Amino acid sequence: MNRELPKVYEPQEVESRVYEMWEKNGCFKGHRDPDKKPFTIVMPPPNVTGQLHMGHAMDCTLQDILIRFKRMQGYAALWVPGTDHAGIATQIKVEEDLRVNEGLTRHDLGREKFLERVWEWKNKYGSRIVAQQKKMGASCDWDRARFTMDEGCSKAVREVFVSLYDKGLIYKGSRIVNWCPHCVTALSDAEVEYQDKPGHLWHIRYPLTDGSGELVVATTRPETMLGDTGVAVNPADERYKDIVGKTCTLPLVGREMPIVADEYVELDFGTGCVKMTPAHDPNDFEVGLRHNLETIRVLDDHGVVVEGYGKYSGMDRYEARKAIVADLEEQGYLVKVEPYSHNVGTCYRCHNDVEPIISAQWFVKMEPLAKEALRVVNEGETKFVPDRFSKTYTNWMENVHDWCISRQLWWGHQIPVWYCADCGHMTVSRQDATRCEKCGSKNIERDPDVLDTWFSSALWPFSTLGWPDKTPDLDYFYPTDVLVTGYDIIFFWVARMIFSACEHTKQPPFHTVLIHGLVRDDKGRKMSKSLGNGIDPLEMADKYGADALRFNLITGNAPGNDMRFYVEKCEAMRNFANKIWNASRFVMMNLTTDKLGLPETLEQEDKWILSKLNRLVKEVTDNMEAYELGVASAKVYDFIWSDYCDWYIELTKARLQGDDEHAKEQAQRVLVYVLTETLKLLHPFMPFITEEIWQALPHEGDFLMLQKWPEYDEALNFQEAEAAMESVMDVIRAIRARRAEMNVPPSKKAELTIVTPKVAVFDAGRGFLTRLAYASGISLTETEPADTAGMVADVTHDAKVYMPLAELVDIEKEKARLTKDLGKKQGELKGLEGKLSNPGFLNKAPADVVAAEQERAEKLKALIAKIEEQLKAMA
RNA sequence: GGAGGCUUAGCUCAGCCGGUAGAGCGCUUGCUUCACACGCAAGAGGUCACAGAUUCGAGUUCUGUAGUCUCCACCA
């Protein structure tokens with residue numbers, strides 16, 4: 001079995017080879033198995049032409065950990081991957097490419113040709129992100145990879161649109177929408193990002209038409225005045241009581257406009273008079289509806305002033321603003337300008353200012369859908385982890401506005417509505433219409449717009465499993481189990497999936513939503529392209545190994561919290577991988593048996609490690625099931641490094657290097673057993689290295705990733721042996737500490753005298769004391785030795801140990817140390833005794849807690865006595 | 001204007017159902033000990049933001065205060 005492995009673990013070669021092995025052998029496939037329970041995750045589809053960033057890496061790792069864990073637990077685990085067509089993002093990219101390389105716009109090509117280009121683009125770059133996910137170790141069933149614009153998803157989209165339309169839940173209406181003049185499309189509320197921007201508040205004089213005076217309005221967007229059709233004041237405003245009902249004249253334009261009273265206007269803001277631009281402001285639009293104000297659109301789809309406004313026509317909105325302000329000032333209408341910081345809506349894609357524009361768009365009526373979506377979360381059918389995000393969700397859902405779903409783009413699901421030029425009827429159809437369903441005319445034209453990207457993403461959990469067809473997969477794997485995503489996408493996606501699933505499949509799409517935070521840079525800033533502070537996960541994986549990167553992203557993080565990315569931590573995790581590698585190397589170098597399982601007899605140290613492992617199994621499993629992945633991984637880390645490597649391996653060396661063949665085999669088998677079980681626990685977090693090592697160890701079965709997850713076993717709970725081992729370890733630690741303080745080199749061995757009531761325990765530990773505490777010989781006794789001259793002593797709970805190294809001791813330093821230690825222990829004891837003399841504690845605390853505290857106090861007392869004695873001896 | 005998070009060792013963060021605190025990095029001191037210097041051993045370092053409350057007992061529950069970050073909201 002002796003196999004020579006390199007001293008330093010090289011992840012690059014191992015990871016690609018191991019991944020290929022898994023994939024070739026179908027390890028990732030999700031099979032319907034009537035004897036198993038399904039466990040399903042659908043992957044949040046990344047943009048098809050995107051690249052993997054650190055957020056994806058974390059998202060991907062979390063899901064992979066869960067799916068690998070469940071797979072090992074014996075579930076029929078299915079992780080469905082896929083990509084999103086990402087309407088605006090992709091279209092913009094292709095248009096940009098077209099512009100730069102060919103100097104063309106999409107209109108030069110025409111819709112059909114342009115779409116061909118986008119598909120080409122998709123085919124060229126669509127596999128990039130998949131390759132990157134594979135690098136991360138994602139164990140998705142790639143054969144089921146889906147795309148939001150593939151045939152099945154498109155069928156689902158069509159079905160949902162028509163069905164909602166038939167139910168009256170989709171309608172077309174002229175409304176104020178968020179419009180991006182740069183992307184030239186409508187946006188949903190969720191796609192608008194508000195930013196505080198410094199601006200100005202311009203005060204403009206509007207003369208009353210009857211010449212009886214004037215009023216002053218305040219605005220942050222003077223260019224919109226061209227579309228003003230009224231002025232509003234608060235009905236309770238005494239200042240303006242008399243002018244309500246009169247009209248005023250719009251400067252520069254000359255339009256006569258009514259002055260109306262509306263509650264919307266605040267009394268104590270600005271001048272108390274608000275200019276009304278119903279076509280370009282959502283509030284004004286509402287006020288306009290109440291008072292029958294005219295709606296005049298003055299900005300076109302590109303944010304340019306429309307025809308009919310003289311020199312302003314043809315100017316873009318910012319140019320027009322400048323010109324209008326200048327003219328107002330020149331003509332004496334400008335009262336004053338004050339600096340004013342306000343919230344400006346910007347496009348989440350291009351970050352240009354959004355322009356509210358009145359426009360005919362398609363909407364989903366949210367109120368009836370929100371009701372059920374709220375119920376399933378409120379009643380716990382779908383739970384958020386951590387729970388606080390359910391509040392974010394319900395708060396949004398309770399106040400949700402109708403969802404604007406039409407986009408003036410070409411890339412996406414074209415709206416399945418045909419308008420009849422003859423009778424004006426709208427044909428809404430699952431199949432492409434060839435004639436008007438009402439009058440039969442062939443003179444029909446399809447709505448040119450496409451649907452919001454999130455419309456198809458909203459159906460993802462069921463469309464990927466075959467819906468609307470009743471497929472066996474849908475039947476078996478749906479509803480899915482856990483959805484993993486970042487908190488930044490709750491509104492965009494999670495909420496919409498929930499109400500869509502409730503409406504169309506009559507059940508919530510998953511029972512748990514695991515929310516994670518953002519990965520930030522080392523200064524706590526968001527990683528972004530514009531800042532150039534992004535760290536490429538692929539680069540990290542390449543340098544330190546995907547395992548190390550995964551472990552970095554998971555360990556020591558609480559769900560839902562942002563984390564900072566430190567390259568140093570990647571390094572530390574790489575070191576951990578190397579540690580496991582070398583521990584395994586050690587085990588294999590010493591391996592002469594291929595017998596599997598535990599030996600018939602166990603030594604004290606074997607029981608110690610097995611007992612600890614057993615507890616680890618239970619705790620890690622519990623943590624995983626509670627989605628406390630960061631805690632789970634930290635526990636495995638500690639066990640491997642501290643318990644297994646620092647102690648257990650050292651403890652086995654006596655047997656491994658001794659002459660007793662039976663003892664050798666015994667140690668080997670426990671070493672292999674514990675290592676194997678530990679590799680299983682670590683596998684979901686560090687899949688590559690664990691598989692690689694497991695393959696090199698004696699094993700049954702083909703792949704570690706398909707092994708059974710360890711389970712707690714009461715028979716492996718050895719409390720006594722654990723305690724005994726700890727007693728010996730305490731003494732080893734004490735001796736090492738004393739020697740370190742005295743700078744005694746390891747080469748200088750010492751004869752030890754150990755006074756202890758547990759002679760048998762220490763007798764069994766002789767080998768460890770020799771090896772790990774540098775003993776040249778050990779005398780065990782239950783009673784104090786007669787002559788302790790020239791000895792330095794130290795005490796532990798179960799023993800007092802003498803070393804003949806007194807000449808090396810700095811008595812004063814030693815006294816100081818003991819005194820300090822004594823003080824600490826006495827303080828601790830005082831606290832304990834106070835507690836134990838408190839009738840409240842004795843009566844109300846659970847019995848086992850009281851007993852434990854009593855035992856602690858006893859031990860402390862004994863220890864204190866020993867320390868005091870020692871101090872006396874030194875005096 | 002609402003809602004939520006965070007405030008624990010020099011730095012970055014863990015800490016599940018309440019029983020006087022942990023990790024990684026950094027720092028100090030030793031060590032080429034036959035798996036590993038991407039290492040070993042020993043150490044230093046914290047009144048768990050502040051004030052109350054509940055409790056026998058509170059980083060851990062509740063209330064308030066301060067600082068900080070984020071999300072939501074139509075304030076011209």
Side-chain angles (χ1 to χ4, degrees), chain A residues 5 7-9 176 194 201-202 217-221 224 232 264-266 269-277 281-286 340 342-343 345 356 386 388-389 391-392 395-396 399 487-488 490-491 517-518 522 524 544 548 552 555-558 560-566 568-569 571-590 619 622-623 626 628 630-631 634 637-638 645-646 649-650 653 657 733 736-741 743-747 771-772 774 827-828 831-832 834-835 838-846 849-850 852-853:
Chain A
L5 297 170
K7 260 189 171 185
V8 172
Y9 175 59
I176 286 275
Y194 288 90
L201 198 55
W202 284 273
V217 299
T219 180
T220 54
R221 298 192 307 147
T224 62
Y264 157 70
V265 181
E266 303 252 340
F269 186 87
T271 59
C273 296
V274 186
K275 62 193 258 326
M276 290 291 120
T277 320
D281 183 286
N283 298 306
D284 296 2
F285 181 76
E286 295 297 323
Y340 183 68
H342 62 145
N343 239 4
R388 63 173 185 272
F389 289 106
K391 257 184 225 161
T392 310
N395 186 46
W396 185 81
N399 299 299
Y487 60 71
D488 52 335
I490 292 176
F491 307 136
L518 267 40
D522 58 354
Y544 300 107
N552 179 4
T555 308
N557 279 118
N561 286 1
D562 290 356
M563 70 167 298
R564 296 191 193 197
F565 191 92
Y566 283 90
E568 292 86 343
K569 197 173 163 195
E571 231 168 89
M573 295 309 149
R574 184 267 322 259
N575 294 353
F576 174 55
N578 194 238
K579 185 75 181 175
I580 304 162
W581 183 253
N582 275 291
S584 307
R585 211 160 65 89
F586 172 83
V587 171
M588 287 184 241
M589 281 165 56
N590 285 286
E619 290 181 10
D622 288 349
N623 286 137
E628 294 157 357
V631 178
Y637 178 102
D638 281 344
C645 292
D646 289 348
I649 283 186
E650 295 305 324
K653 283 183 179 171
Q657 287 156 21
R733 277 189 276 254
R736 281 171 173 174
R738 294 298 80 70
R739 291 175 61 107
E741 274 164 21
N743 286 332
V744 184
S747 53
R771 194 171 264 278
L772 305 177
Y774 320 100
E828 217 173 302
L832 267 178
K835 196 188 265 189
N838 182 340
F841 175 71
L842 293 173
N843 294 333
K844 295 187 183 176
V849 172
V850 176
E853 298 292 74

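Every chain is numbered from 1, with letters handed out A, B, ... down the list of sequences. Quantities reported herein were computed from a predicted structural model and do not represent experimental measurements.
Summarising the geometry of A:Ala577 relative to A:Tyr9, their closest heavy-atom pair is CB-CD2, 4.3 Å, with the distance given to 0.1 Å. Taking all atoms of both residues into account, the shortest heavy-atom contact from A:Ile649 to A:Ala583 is CD1-CB, 3.8 Å. Closest non-hydrogen pair, A:Arg388 versus A:Gly560, comes out as NH2-O, 3.4 Å. Between A:Met573 and A:Ala548, the closest heavy-atom pair is CB-O, 3.5 Å.
Base orientation at B:G45 is anti, since its O4'-C1' glycosidic dihedral falls outside 90° of 0.
As rounded to the nearest Å, B:A66 and B:A51 have P atoms that lie 15 Å from one another. When the C1' atom is compared between B:A9 and B:G18, the two are found 23 Å apart, to the nearest whole Å. For B:U20 and B:G15, the C1' atoms lie 15 Å apart once the distance is rounded to whole Å. Taking atom P on both B:U47 and B:A3, the two are 34 Å apart, rounded to the nearest angstrom. Taking atom P in both B:G45 and B:G64, one finds a spacing of 38 Å when rounded to whole Å. If you take atom P in B:G57 and the same atom in B:U70, they sit 40 Å apart, rounded to whole Å. With both ends at atom C1', the span from B:G46 to B:C13 equals 14 Å, rounded to whole Å. B:G4 and B:G22: their C1' atoms are spaced 27 Å apart (whole Å).
Here A:Arg733 lies in heavy-atom contact (under 4.0 Å) with sugar-phosphate atoms only. Residue A:Gly630 is classed as having no contact, given no heavy-atom separation below 4.0 Å to the nucleic acid. Looking at heavy-atom distances under 4.0 Å, A:Thr219 makes contact with sugar-phosphate atoms alone, never a base. Base contact: A:Pro846 has a heavy atom under 4.0 Å from a base atom. Across all strands shown, A:Phe269 has heavy atoms under 4.0 Å from base atoms, whether or not it also approaches the sugar-phosphate. At a threshold of 4.0 angstrom between heavy atoms, the contacts of A:Asn561 are confined to the sugar-phosphate backbone, with no base atom among them. A:Asn283 comes within 4.0 angstrom of a base, heavy atoms only.
Between atom CG of residue A:Asp646 and atom NZ of residue A:Lys579 there is a gap of 5.5 Å, rounded to the nearest 0.5 Å.
Taking for each of A:Glu568 and A:Arg388 the nucleotide of RNA chain B with the nearest heavy atom, the 5'-most of the two is the partner of A:Arg388. Across the interface with RNA chain B, nearest-nucleotide mapping of A:Ala740 and A:Leu201 shows A:Ala740 to be the residue nearer the 5′ end.
Atom P of nucleotide B:C13 and atom CG of A:Asp522 are separated by 11 Å, given to the nearest angstrom. The separation between A:Leu832 atom CG and B:G57 atom P is 16 Å, rounded to whole Å. A:Glu741 places its CD atom 7 Å from the P atom of B:G43, with the value rounded to the nearest Å. To the nearest angstrom, P of B:U12 lies 14 Å from CG of A:Asn557. In this structure, CG of A:Asp638 is placed 10 Å from C1' of B:G24, rounded to the nearest angstrom. Counting to the nearest Å, the P atom of B:U20 and the CZ atom of A:Phe841 are 10 Å from each other. The distance from atom CG of A:Asn552 to atom P of B:U12 is 16 Å, rounded to the nearest whole Å. At whole-Å resolution of the value, CG in A:Asp562 and P in B:C13 are 9 Å apart.
OP1 or OP2 of B:A76 sits under 4.0 Å from a side-chain N or O of A:Tyr340.
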Quick one: what's the B/S/- string for nucleotides 32-38 of chain B, heavy-atom cutoff under 4.0 Å, read 5' to 3'?
-> ---BB-B
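Side-chain atoms of A:Tyr566 come within 3.5 Å of backbone N or O of A:Asp522 as a donor-acceptor pair. The closest donor-acceptor contact from the side chain of A:Asn582 to the backbone of A:Lys7 lies under 3.5 Å. The closest donor-acceptor contact from the side chain of A:Lys569 to the backbone of A:Arg564 lies at 3.5 Å or more, if one exists at all.
Comparing atom distances between the A:Asn623 side chain and each of B:C16, B:G24, B:A76 picks out B:C16 as nearest. Proximity note for A:Ala737 (side chain, C-beta onward) versus B:G4, B:A73, B:A42: the nearest is B:A42. The side chain of A:Lys391 approaches B:G4 more closely than any other nucleotide in the set B:G19, B:A76, B:G4. Ranking B:G24, B:A42, B:G5 by closeness to the A:Tyr637 side chain, first place goes to B:G24. Checking B:G24, B:G15, B:A76 against the side-chain heavy atoms of A:Val631 singles out B:G15 as nearest. Considering only side-chain atoms of A:Val274, the nucleotide from B:A76, B:A73, B:C13 that sits closest is B:A76.
For the residue pair A:Thr224 / A:Lys275, a side-chain donor-acceptor distance below 3.5 Å is found, with atom types taken as modelled.
Aromatic ring orientation, A:Phe491 versus A:Trp396: parallel (interplanar angle below 30°, classes split at 30° and 60°). Between A:Phe576 and A:Tyr637, the ring-plane angle classifies as tilted under the 30° and 60° cut-offs.
Stems are defined here as 3 or more consecutive Watson-Crick or G-U wobble pairs with pairing distances under 3.5 Å; those involving RNA chain B are B:1-7 with B:66-72, B:10-13 with B:22-25, B:27-31 with B:39-43, B:49-53 with B:61-65.
By the 4.5 Å heavy-atom criterion applied to side chains, A:Val8 and A:Asn578 are counted as neighbours.
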